[in-house]
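Structure first, then comments.
Only heavy atoms go into these numbers, but all of them, side chains included; no hydrogens, no water, no symmetry mates.
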Amino acid sequence: EIVTNADCKIVNIKSLYDFPCKVVDSSFDNYADFEDVSDFINTGYTTDAEVIIKATCKIENNMGALYPKAIKVVKVGSNVLTTDSGKLNITRMSSLVDQIAWLRWHGYEVILVSSGAVACGRRELQIDHHLDSVEQRQLFSAIGQVKLVNLYYDLFREYNLHVGQVLTMKENFLTEELYRNQQACMEVMLQNGVIPVVNENDTVSVTELMFTDNDELSGLIAQMLNAETLILLSNIDGIYTGNPSNPDSKVIRSVAPDQS
């Protein structure tokens, strides 16, 4: 498999002597173009120094010098993204983007699972007639998803990072063909430096086959892409022994993989 313009950490940069490259040192303070890797080594860096090289030519994925980046899935819910009045919290969104950019700079791939489309749409359009719950979800998500992704686009562009929209449904996880197709879509985005912004496609999802919430969706995405870490951003302190509003409920600080 061939990847073009792929960001890769280099363990043994001598094996890439013939490749033109761009080099960023580990502190990200310096950035320079080199005709080839040997030219880079002649600048005084040691051959075993951990650096990040952005190849300007084609690199084979299975080269011994390369190892895949760890993937982190970050899920953010509507309660985190919106203020008490229901408006998008642009300051909080900006802070989230800052932190995802930091992860990218430190060698991680990130998939963002983001709610907020319905909340966005509800603030954009005032309806003076009755809509049932399905009609509201379809209408407001259709309007709000456009605004939500545009905001992410503008915020990530400040860091010269590209984002792409992935709208999915539970049916895509139920058959192998659809599952593999969705998996391939996000893999090719990551391989080409694009951050997937994932949400359920509320405009066409059938109520009976909808995800419980985006916590469920993000867990499925993390499993699909063999993610190193799943981060759930919430407005509560964690998993509780009971209803969080119950004063007797306590936060469960850690859950072992085999703990039921």
Side-chain angles (χ1 to χ4, degrees), residues 1-9 59-62 66-78 80-81 96-97 99-104 106-118 137 141 145 148-149 152-153 156 161-234 238-239 254-260:
E1 185 176 0
I2 301 296
V3 180
T4 58
N5 293 329
D7 287 335
C8 306
K9 282 189 176 180
I59 299 178
E60 292 188 7
N61 235 4
N62 60 359
L66 307 183
Y67 60 89
K69 290 182 176 181
I71 296 174
K72 294 186 181 293
V73 176
V74 179
K75 177 264 175 182
V76 58
S78 297
V80 175
L81 288 178
L96 173 64
V97 169
Q99 294 172 72
I100 291 176
W102 186 94
L103 288 171
R104 283 293 306 273
H106 286 76
Y108 296 99
E109 296 286 11
V110 181
I111 297 171
L112 176 60
V113 179
S114 177
S115 304
V118 174
R137 187 186 76 236
S141 64
Q145 187 67 28
L148 185 67
V149 171
Y152 278 128
Y153 172 84
F156 278 108
L161 293 173
H162 301 285
V163 297
Q165 176 178 263
V166 178
L167 296 178
T168 188
M169 301 183 293
K170 199 164 191 176
E171 292 96 318
N172 293 337
F173 292 86
L174 301 180
T175 66
E176 183 175 0
E177 182 180 6
L178 293 175
Y179 185 91
R180 297 302 179 194
N181 183 59
Q182 181 172 249
Q183 183 183 46
C185 170
M186 283 185 280
E187 284 177 346
V188 75
M189 291 172 74
L190 294 175
Q191 290 168 1
N192 288 277
V194 178
I195 299 172
V197 179
V198 185
N199 197 4
E200 181 167 14
N201 192 348
D202 287 325
T203 59
V204 295
S205 292
V206 179
T207 302
E208 291 77 10
L209 288 177
M210 294 183 69
F211 298 103
T212 305
D213 50 33
N214 272 359
D215 290 353
E216 179 187 6
L217 172 58
S218 61
L220 292 170
I221 294 293
Q223 184 180 38
M224 173 185 285
L225 276 300
N226 194 27
E228 176 193 66
T229 309
L230 170 60
I231 303 169
L232 303 178
L233 302 180
S234 175
I239 301 173
S254 63
V255 179
D258 57 350
Q259 183 176 339
S260 59

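- Taking the six-membered ring where tryptophan is involved, the planes of His106 and Trp102 are essentially parallel, since the angle between them stays under 30° and well short of 60°.
- Proximity of Ile195 to Tyr152: side-chain heavy atoms (C-beta onward) are nowhere separated by under 4.5 Å.
- Between Asn226 and Ile71 there is no side-chain heavy-atom pair separated by less than 4.5 Å.
- Nearest heavy-atom pair across Gln183 and Met224 is NE2-O, 2.9 Å.
- Closest of all the heavy-atom pairs between Gly219 and Leu230 is CA-CD2, 3.8 Å.
- Residue Arg180 holds its CZ atom at 13.5 Å from CG of Asn172, rounded to the nearest 0.5 Å.
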* Asked: Can Leu96 and Leu233 be said to form a side-chain contact (heavy atoms from CB on, under 4.5 Å), step by step?
  -> CA-CA 10 Å; Leu96 173 64; Leu233 302 180; 3.6 Å; yes
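- One distance of note links OG of Ser218 with CG of Leu112; it measures 10.5 Å at 0.5 Å rounding.
- At most 12 non-hydrogen atoms from other residues, nucleotides or ligands lie less than 6.0 angstrom from OH of Tyr153.
- Gln165 is linked by a side-chain contact (heavy atoms from CB on, under 4.5 Å) to Gln145, Val149, Leu167, counting only residues two or more places apart in sequence or in another chain.
- Of all non-hydrogen atoms in Leu148 and Gly116, the two that sit nearest each other are CD2-C, 4.2 Å.
- Residues Val74 and Gln99 fail the side-chain proximity criterion, which asks for heavy atoms closer than 4.5 Å.
- Looking at Ile111 and Leu190, their side chains come closer than 4.5 Å, going by heavy atoms from C-beta outward.
- For the atom pair CG (Asp213) and CG (Leu232), the distance works out to 9.0 Å, reported to the nearest 0.5 Å.
- Between Val188 and Cys185, the shortest heavy-atom contact is CG1-O, 3.1 Å.
- Here the CG atom belonging to Leu220 is positioned 7.5 Å from the NZ atom belonging to Lys170, to the nearest 0.5 angstrom.
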* Could you go step by step and tell me if Val118 and Ser141 meet the side-chain contact (heavy atoms from CB on, under 4.5 Å) rule? -> CA-CA 4 Å; Val118 174; Ser141 64; 3.9 Å; yes
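- Residues satisfying the side-chain contact (heavy atoms from CB on, under 4.5 Å) test with Ser115, not counting sequence neighbours, are Ser78, Asn214.
- Put simply, the side chain of Val73 does not reach to within 4.5 Å of the side chain of Leu225, judged on heavy atoms.
- With hydrogens and angles ignored, the 3.5 Å screen pairs no side-chain donor or acceptor of Asn192 with any backbone N or O of Val194.
- Here Glu228 pairs with Ala70, Lys72, Tyr108 under the side-chain contact (heavy atoms from CB on, under 4.5 Å) rule; sequence neighbours left out.
- Side-chain atoms of Asn181 never come within 3.5 Å of backbone atoms of Ala184 as a donor-acceptor pair (strictly under, hydrogens ignored).
- For Ile239, the CD1 atom sits in a loose shell: 12 or fewer heavy atoms of surrounding residues, nucleotides or ligands are nearer than 6.0 Å.
- Here the CD-CD distance, from Glu200 to Glu216, works out to 8.5 Å after rounding to the nearest 0.5 Å.
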